[in-house]
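First the structure, in the form of C-alpha coordinates, and then the observations on it.
Letters A, B, ... are given to chains in the order of the sequence lines, protein chains preceding strands, and every chain is numbered from 1.
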2 protein chains.
Amino acid sequence: MGFLKNHTFDEIAIGDRAALVRTLRHEDIQLFAAMSGDVNPAHLDAAFAATDRFHHIVAHGMWGGALISAVLGTELPGPGTIYLSQTLHFRRPVAVGDTVRVEVAVREKHAEKSHVVLDCIVTNQDGDVVIEGEASVIAPRDKIRIVPPLLPRVQLVDDAAPDAS
Amino acid sequence: MGFLKNHTFDEIAIGDRAALVRTLRHEDIQLFAAMSGDVNPAHLDAAFAATDRFHHIVAHGMWGGALISAVLGTELPGPGTIYLSQTLHFRRPVAVGDTVRVEVAVREKHAEKSHVVLDCIVTNQDGDVVIEGEASVIAPRDKIRIVPPLLPRVQLVDDAAPDAS
(Lines give C-alpha, C1' and ligand atoms only; values in the text may rest on other atoms or scores of the structure.)
Protein backbone atom coordinates (compact mmCIF):
# COMPACT_ATOMS: atom_id res chain seq x y z
CA MET A 1 0.00 0.00 0.00
CA GLY A 2 1.29 3.44 -0.94
CA PHE A 3 1.78 6.29 1.46
CA LEU A 4 -0.39 9.37 1.45
CA LYS A 5 1.92 12.34 0.83
CA ASN A 6 1.22 16.02 0.61
CA HIS A 7 2.75 18.87 -1.34
CA THR A 8 3.77 21.76 0.88
CA PHE A 9 3.24 25.37 -0.09
CA ASP A 10 6.95 25.70 -0.88
CA GLU A 11 6.94 22.60 -3.10
CA ILE A 12 3.91 23.68 -5.11
CA ALA A 13 4.51 25.45 -8.43
CA ILE A 14 2.06 27.23 -10.69
CA GLY A 15 0.84 24.71 -13.26
CA ASP A 16 1.18 21.64 -10.99
CA ARG A 17 -1.64 19.17 -11.60
CA ALA A 18 -3.23 16.13 -10.02
CA ALA A 19 -6.14 14.02 -11.17
CA LEU A 20 -8.27 10.99 -10.48
CA VAL A 21 -10.39 8.93 -12.83
CA ARG A 22 -13.65 7.28 -11.80
CA THR A 23 -16.39 5.39 -13.61
CA LEU A 24 -19.85 6.09 -12.20
CA ARG A 25 -21.66 3.00 -10.92
CA HIS A 26 -25.29 2.88 -9.86
CA GLU A 27 -23.98 2.06 -6.36
CA ASP A 28 -22.07 5.38 -6.28
CA ILE A 29 -25.34 7.24 -6.79
CA GLN A 30 -27.08 5.20 -4.10
CA LEU A 31 -24.22 5.80 -1.70
CA PHE A 32 -24.25 9.55 -2.34
CA ALA A 33 -28.00 9.58 -1.78
CA ALA A 34 -27.72 7.63 1.47
CA MET A 35 -24.85 9.79 2.71
CA SER A 36 -26.46 13.13 1.89
CA GLY A 37 -30.16 12.31 2.12
CA ASP A 38 -30.53 13.67 -1.42
CA VAL A 39 -33.20 11.26 -2.71
CA ASN A 40 -34.13 13.45 -5.69
CA PRO A 41 -35.71 10.89 -8.07
CA ALA A 42 -33.66 12.29 -10.98
CA HIS A 43 -30.82 10.23 -9.49
CA LEU A 44 -32.66 7.17 -8.23
CA ASP A 45 -35.93 6.53 -10.03
CA ALA A 46 -35.48 5.34 -13.62
CA ALA A 47 -39.17 5.82 -14.48
CA PHE A 48 -39.16 9.39 -13.16
CA ALA A 49 -35.81 10.17 -14.79
CA ALA A 50 -37.14 9.00 -18.16
CA THR A 51 -39.65 11.88 -18.04
CA ASP A 52 -37.08 14.39 -16.78
CA ARG A 53 -34.78 16.67 -18.69
CA PHE A 54 -31.94 14.20 -19.27
CA HIS A 55 -34.20 11.16 -19.94
CA HIS A 56 -32.11 8.82 -17.79
CA ILE A 57 -30.68 8.63 -14.29
CA VAL A 58 -27.79 11.04 -13.69
CA ALA A 59 -25.33 11.48 -10.85
CA HIS A 60 -25.82 14.15 -8.23
CA GLY A 61 -23.83 17.18 -9.38
CA MET A 62 -22.20 17.35 -5.97
CA TRP A 63 -20.75 13.85 -6.49
CA GLY A 64 -18.27 15.62 -8.77
CA GLY A 65 -17.71 18.18 -6.03
CA ALA A 66 -16.85 15.36 -3.65
CA LEU A 67 -14.33 13.97 -6.13
CA ILE A 68 -12.67 17.40 -6.44
CA SER A 69 -12.45 17.48 -2.65
CA ALA A 70 -10.80 14.03 -2.80
CA VAL A 71 -8.06 15.21 -5.18
CA LEU A 72 -7.39 18.29 -3.04
CA GLY A 73 -7.39 16.34 0.24
CA THR A 74 -5.30 13.38 -0.84
CA GLU A 75 -3.14 14.54 -3.75
CA LEU A 76 -2.64 18.26 -4.32
CA PRO A 77 -1.98 19.79 -1.87
CA GLY A 78 -3.02 16.64 0.09
CA PRO A 79 -3.06 16.03 3.87
CA GLY A 80 -2.84 19.20 5.93
CA THR A 81 -4.78 21.27 3.38
CA ILE A 82 -7.40 23.69 4.71
CA TYR A 83 -10.32 24.12 2.31
CA LEU A 84 -11.35 27.79 2.07
CA SER A 85 -13.80 27.89 -0.81
CA GLN A 86 -15.02 26.19 -3.95
CA THR A 87 -17.02 27.23 -6.98
CA LEU A 88 -18.74 24.61 -9.13
CA HIS A 89 -20.41 25.12 -12.51
CA PHE A 90 -22.36 22.03 -13.51
CA ARG A 91 -22.09 21.94 -17.31
CA ARG A 92 -23.26 18.43 -18.25
CA PRO A 93 -24.85 15.43 -16.54
CA VAL A 94 -22.94 12.23 -15.74
CA ALA A 95 -24.68 8.92 -16.53
CA VAL A 96 -24.03 5.48 -15.08
CA GLY A 97 -21.05 4.02 -16.96
CA ASP A 98 -19.53 7.41 -17.76
CA THR A 99 -15.86 7.74 -16.85
CA VAL A 100 -14.91 11.12 -15.43
CA ARG A 101 -11.47 12.64 -15.03
CA VAL A 102 -11.22 15.10 -12.14
CA GLU A 103 -8.23 17.40 -12.42
CA VAL A 104 -6.99 20.27 -10.32
CA ALA A 105 -4.25 22.65 -11.56
CA VAL A 106 -2.47 25.31 -9.52
CA ARG A 107 -3.22 28.77 -10.89
CA GLU A 108 -2.09 31.12 -8.13
CA LYS A 109 0.19 31.05 -5.08
CA HIS A 110 0.15 33.75 -2.43
CA ALA A 111 2.89 33.46 0.20
CA GLU A 112 0.83 35.35 2.71
CA LYS A 113 -1.22 32.69 4.52
CA SER A 114 0.09 29.96 2.14
CA HIS A 115 -2.94 30.56 -0.03
CA VAL A 116 -3.24 28.51 -3.24
CA VAL A 117 -5.91 28.80 -5.96
CA LEU A 118 -6.56 25.81 -8.21
CA ASP A 119 -8.60 25.43 -11.38
CA CYS A 120 -10.83 22.36 -11.14
CA ILE A 121 -12.17 20.58 -14.17
CA VAL A 122 -14.16 17.39 -14.54
CA THR A 123 -14.40 15.93 -18.03
CA ASN A 124 -16.11 12.80 -19.33
CA GLN A 125 -14.85 10.03 -21.64
CA ASP A 126 -15.70 12.20 -24.68
CA GLY A 127 -13.59 15.08 -23.37
CA ASP A 128 -16.70 17.16 -22.66
CA VAL A 129 -16.59 19.41 -19.60
CA VAL A 130 -18.91 18.15 -16.87
CA ILE A 131 -17.94 20.55 -14.08
CA GLU A 132 -15.58 23.49 -13.93
CA GLY A 133 -14.73 25.59 -10.95
CA GLU A 134 -12.10 27.01 -8.69
CA ALA A 135 -10.80 25.88 -5.31
CA SER A 136 -9.10 28.11 -2.78
CA VAL A 137 -7.06 26.45 -0.04
CA ILE A 138 -4.37 27.01 2.56
CA ALA A 139 -1.57 24.66 1.56
CA PRO A 140 0.29 22.78 4.30
CA ARG A 141 3.58 24.18 5.59
CA ASP A 142 4.89 20.81 6.81
CA LYS A 143 5.67 17.71 4.77
CA ILE A 144 3.40 14.80 5.66
CA ARG A 145 3.87 11.16 4.70
CA ILE A 146 1.37 8.87 6.35
CA VAL A 147 -0.19 5.43 5.98
CA PRO A 148 -3.67 6.02 4.53
CA PRO A 149 -6.43 5.67 7.14
CA LEU A 150 -8.24 2.34 7.05
CA LEU A 151 -11.86 2.67 5.99
CA PRO A 152 -14.64 0.28 6.87
CA ARG A 153 -16.06 -1.59 3.90
CA VAL A 154 -19.40 -0.21 2.71
CA GLN A 155 -22.21 -2.65 1.97
CA LEU A 156 -25.49 -1.66 0.35
CA VAL A 157 -28.23 -3.95 1.60
CA ASP A 158 -31.44 -4.02 -0.40
CA ASP A 159 -34.02 -5.09 2.19
CA ALA A 160 -36.73 -5.16 -0.46
CA ALA A 161 -34.88 -7.68 -2.65
CA PRO A 162 -35.38 -11.44 -2.24
CA ASP A 163 -32.70 -12.98 -0.03
CA ALA A 164 -30.21 -14.79 -2.27
CA SER A 165 -28.92 -17.09 0.47
CA MET B 1 -44.29 7.90 4.53
CA GLY B 2 -44.56 11.42 3.14
CA PHE B 3 -44.50 12.33 -0.51
CA LEU B 4 -41.63 14.15 -2.12
CA LYS B 5 -43.04 17.38 -3.57
CA ASN B 6 -41.39 20.15 -5.51
CA HIS B 7 -41.98 23.86 -5.74
CA THR B 8 -42.41 25.04 -9.31
CA PHE B 9 -40.90 28.25 -10.61
CA ASP B 10 -44.33 29.91 -10.48
CA GLU B 11 -44.92 28.85 -6.87
CA ILE B 12 -41.55 30.07 -5.62
CA ALA B 13 -41.39 33.54 -4.04
CA ILE B 14 -38.40 35.62 -3.07
CA GLY B 15 -37.63 34.86 0.58
CA ASP B 16 -38.92 31.27 0.53
CA ARG B 17 -36.80 29.02 2.71
CA ALA B 18 -36.19 25.34 3.36
CA ALA B 19 -33.81 23.65 5.78
CA LEU B 20 -32.61 20.36 7.18
CA VAL B 21 -30.89 19.63 10.48
CA ARG B 22 -28.26 16.93 10.87
CA THR B 23 -25.96 15.84 13.69
CA LEU B 24 -22.56 14.66 12.45
CA ARG B 25 -21.72 11.08 13.39
CA HIS B 26 -18.35 9.44 12.92
CA GLU B 27 -20.10 7.09 10.47
CA ASP B 28 -21.10 10.06 8.29
CA ILE B 29 -17.44 10.96 7.88
CA GLN B 30 -16.51 7.36 7.06
CA LEU B 31 -19.32 7.16 4.54
CA PHE B 32 -18.29 10.41 2.85
CA ALA B 33 -14.70 9.13 2.68
CA ALA B 34 -15.75 5.79 1.21
CA MET B 35 -18.07 7.47 -1.30
CA SER B 36 -15.59 10.10 -2.47
CA GLY B 37 -12.26 8.41 -1.87
CA ASP B 38 -11.24 11.42 0.21
CA VAL B 39 -9.18 9.66 2.89
CA ASN B 40 -7.47 12.85 4.07
CA PRO B 41 -6.41 11.89 7.64
CA ALA B 42 -7.79 15.20 8.98
CA HIS B 43 -11.17 13.46 8.76
CA LEU B 44 -10.29 9.89 9.70
CA ASP B 45 -7.14 9.63 11.80
CA ALA B 46 -7.57 10.95 15.36
CA ALA B 47 -3.83 10.89 16.09
CA PHE B 48 -3.06 12.86 12.92
CA ALA B 49 -5.93 15.25 13.47
CA ALA B 50 -4.67 16.01 16.99
CA THR B 51 -1.52 17.51 15.41
CA ASP B 52 -3.46 19.36 12.72
CA ARG B 53 -4.95 22.82 12.70
CA PHE B 54 -8.26 21.98 14.39
CA HIS B 55 -6.80 19.46 16.91
CA HIS B 56 -9.58 16.94 16.36
CA ILE B 57 -11.31 15.08 13.54
CA VAL B 58 -13.52 17.32 11.41
CA ALA B 59 -16.03 16.62 8.65
CA HIS B 60 -15.08 16.99 5.01
CA GLY B 61 -16.13 20.51 3.99
CA MET B 62 -17.94 19.05 1.00
CA TRP B 63 -20.21 17.05 3.35
CA GLY B 64 -21.93 20.38 3.94
CA GLY B 65 -22.04 20.88 0.18
CA ALA B 66 -23.80 17.53 -0.16
CA LEU B 67 -26.37 18.57 2.45
CA ILE B 68 -27.06 21.81 0.55
CA SER B 69 -27.59 19.69 -2.58
CA ALA B 70 -30.03 17.56 -0.57
CA VAL B 71 -32.18 20.56 0.41
CA LEU B 72 -32.22 21.83 -3.17
CA GLY B 73 -32.99 18.42 -4.66
CA THR B 74 -35.67 17.30 -2.23
CA GLU B 75 -37.22 20.48 -0.76
CA LEU B 76 -36.69 23.77 -2.52
CA PRO B 77 -37.15 23.68 -5.45
CA GLY B 78 -37.11 19.85 -5.08
CA PRO B 79 -37.54 17.15 -7.77
CA GLY B 80 -37.12 18.42 -11.31
CA THR B 81 -34.51 21.01 -10.31
CA ILE B 82 -31.48 21.41 -12.58
CA TYR B 83 -28.36 22.40 -10.65
CA LEU B 84 -26.40 25.11 -12.51
CA SER B 85 -23.78 26.25 -10.06
CA GLN B 86 -22.77 26.47 -6.41
CA THR B 87 -20.32 28.56 -4.43
CA LEU B 88 -19.15 27.37 -1.01
CA HIS B 89 -17.14 29.31 1.55
CA PHE B 90 -15.96 27.03 4.33
CA ARG B 91 -15.91 29.26 7.42
CA ARG B 92 -15.63 26.84 10.34
CA PRO B 93 -14.99 23.11 10.88
CA VAL B 94 -17.72 20.68 11.95
CA ALA B 95 -16.82 18.16 14.66
CA VAL B 96 -18.45 14.82 15.46
CA GLY B 97 -21.53 15.56 17.59
CA ASP B 98 -22.07 19.03 16.11
CA THR B 99 -25.58 19.69 14.87
CA VAL B 100 -25.76 21.68 11.66
CA ARG B 101 -28.71 23.50 10.16
CA VAL B 102 -28.58 23.75 6.37
CA GLU B 103 -30.82 26.46 4.99
CA VAL B 104 -31.48 27.74 1.49
CA ALA B 105 -33.39 30.97 0.86
CA VAL B 106 -34.59 32.28 -2.50
CA ARG B 107 -32.87 35.55 -3.35
CA GLU B 108 -33.60 36.03 -7.06
CA LYS B 109 -36.07 34.76 -9.66
CA HIS B 110 -35.59 35.27 -13.38
CA ALA B 111 -38.52 34.20 -15.54
CA GLU B 112 -36.26 33.67 -18.51
CA LYS B 113 -35.11 30.03 -18.24
CA SER B 114 -36.88 29.66 -14.83
CA HIS B 115 -33.63 30.62 -13.17
CA VAL B 116 -33.58 30.85 -9.36
CA VAL B 117 -30.70 31.99 -7.11
CA LEU B 118 -30.66 30.85 -3.49
CA ASP B 119 -28.51 31.91 -0.54
CA CYS B 120 -27.18 28.84 1.25
CA ILE B 121 -26.07 28.91 4.85
CA VAL B 122 -24.94 26.17 7.18
CA THR B 123 -24.80 27.03 10.89
CA ASN B 124 -23.84 24.96 13.90
CA GLN B 125 -25.58 24.51 17.27
CA ASP B 126 -23.95 27.74 18.52
CA GLY B 127 -25.34 29.72 15.59
CA ASP B 128 -21.88 30.11 14.07
CA VAL B 129 -21.67 30.08 10.29
CA VAL B 130 -19.98 26.91 9.03
CA ILE B 131 -20.53 27.36 5.29
CA GLU B 132 -22.07 30.12 3.24
CA GLY B 133 -22.61 30.20 -0.46
CA GLU B 134 -24.98 30.63 -3.34
CA ALA B 135 -26.79 28.12 -5.51
CA SER B 136 -28.08 28.78 -9.00
CA VAL B 137 -30.70 26.41 -10.40
CA ILE B 138 -33.37 26.00 -13.04
CA ALA B 139 -36.58 25.50 -11.10
CA PRO B 140 -39.10 22.94 -12.35
CA ARG B 141 -42.04 24.10 -14.49
CA ASP B 142 -44.24 21.12 -13.61
CA LYS B 143 -45.60 20.14 -10.22
CA ILE B 144 -44.24 16.81 -9.01
CA ARG B 145 -45.53 14.70 -6.14
CA ILE B 146 -43.85 11.33 -5.92
CA VAL B 147 -43.22 8.51 -3.46
CA PRO B 148 -39.58 8.94 -2.35
CA PRO B 149 -37.24 6.44 -4.01
CA LEU B 150 -36.32 3.46 -1.84
CA LEU B 151 -32.68 3.42 -0.88
CA PRO B 152 -30.68 0.37 0.06
CA ARG B 153 -29.53 0.32 3.67
CA VAL B 154 -25.86 1.20 4.09
CA GLN B 155 -23.74 -0.96 6.37
CA LEU B 156 -20.19 -0.09 7.37
CA VAL B 157 -18.24 -3.29 7.93
CA ASP B 158 -15.01 -2.99 9.89
CA ASP B 159 -13.04 -6.01 8.70
CA ALA B 160 -10.20 -5.21 11.11
CA ALA B 161 -12.42 -5.29 14.22
CA PRO B 162 -12.99 -8.49 16.19
CA ASP B 163 -16.25 -10.21 15.25
CA ALA B 164 -18.80 -9.48 17.94
CA SER B 165 -21.01 -12.44 17.10
Side-chain angles (χ1 to χ4, degrees), chain A residues 4 20 22 27-28 30-45 48 52-54 60-63 65-74 78-90 133 138 144 146 148-161, chain B residues 4 20 22 27-28 30-45 48 52-54 60-63 65-74 78-90 133 138 144 146 148-161:
Chain A
L4 207 54
L20 66 77
R22 190 84 77 85
E27 294 72 31
D28 294 314
Q30 292 181 312
L31 198 52
F32 189 95
M35 181 275 301
S36 63
D38 189 345
V39 294
N40 183 340
H43 312 300
L44 297 161
D45 181 333
F48 173 87
D52 203 16
R53 179 169 304 227
F54 302 123
H60 301 78
M62 203 54 85
W63 178 69
L67 297 183
I68 291 171
S69 150
V71 181
L72 297 170
T74 64
T81 299
I82 307 292
Y83 214 167
L84 295 179
S85 68
Q86 179 74 53
T87 65
L88 298 165
H89 297 274
F90 304 107
I138 300 174
I144 293 168
I146 189 173
L150 275 181
L151 278 184
R153 196 156 42 84
V154 174
Q155 276 185 339
L156 294 174
V157 183
D158 189 350
D159 292 318
Chain B
L4 207 55
L20 64 79
R22 190 84 77 85
E27 293 72 30
D28 294 315
Q30 292 181 312
L31 198 52
F32 188 96
M35 180 276 300
S36 63
D38 190 346
V39 294
N40 183 339
H43 312 300
L44 296 161
D45 180 332
F48 174 86
D52 203 15
R53 178 168 306 222
F54 302 122
H60 300 79
M62 202 55 83
W63 178 69
L67 297 182
I68 290 170
S69 151
V71 181
L72 297 170
T74 64
T81 299
I82 307 291
Y83 214 169
L84 295 179
S85 68
Q86 179 73 53
T87 65
L88 299 164
H89 296 274
F90 304 107
I138 300 174
I144 294 167
I146 189 172
L150 276 181
L151 278 184
R153 198 157 41 84
V154 174
Q155 274 185 340
L156 294 173
V157 184
D158 189 348
D159 293 317

Atom CG of B:L88 and atom OG of A:S85: how far apart are they, to the nearest 0.5 Å? 8.5 Å

Out of A:L44, A:V39, A:I144, return the one with the most heavy atom pairs under 4.5 angstrom to chain B. A:V39

For A:A34, is it the side chain, the backbone, both or neither that has a heavy atom under 4.5 Å from a heavy atom of chain B? both

Is any side-chain heavy atom of B:N40 closer than 4.5 Å to a side-chain heavy atom of A:P79? yes

Suppose we screen for side chain to side chain donor-acceptor pair (under 3.5 Å). Which residues come up paired with B:D45, at least two apart in sequence or across chains? none

Could you look at A:L84 and say if it's the side chain, the backbone, both or neither that has a heavy atom under 4.5 Å from chain B? backbone

In Å and rounded to the nearest 0.5 Å, what is the OG to CG distance from A:S36 to B:D28? 10.5 Å

Qualifying residues under side chain to side chain donor-acceptor pair (under 3.5 Å), relative to A:T81, sequence neighbours excluded: none

Here the pair of heavy atoms bringing A:G80 nearest to B:F48 is N-CZ, 4.2 Å

Tightest non-hydrogen contact, residues B:S69 and A:M62, listed as CB-CB, 4.0 Å

Is there a side-chain contact (heavy atoms from CB on, under 4.5 Å) between B:H60 and A:Y83 once you walk through the steps? CA-CA 9 Å; B:H60 300 79; A:Y83 214 167; over 6 Å; no

Just so I understand: if I count every heavy-atom pair under 4.5 Å between each of B:G61, B:A42, B:G73, B:A33 and chain A, which residue has the most? B:G73

Measuring heavy-atom distances to chain A, does B:L72 have an atom under 4.5 Å in its side chain, in its backbone, in both, or in neither? neither

Looking only at heavy atoms and a cut-off of under 4.5 Å, which of B:Q155, B:R22, B:Q30 has the most pairs with chain A? B:Q155

Could you state the interatomic distance from CG (A:L151) to CG (B:L156), rounded to the nearest 0.5 Å? 9.0 Å

Contact summary for B:P41 and A:L4, nearest pair of heavy atoms: CD-CD2, 3.7 Å

Which value, rounded to the nearest 0.5 Å, describes the distance between B:W63 atom CH2 and A:M35 atom CE? 9.5 Å

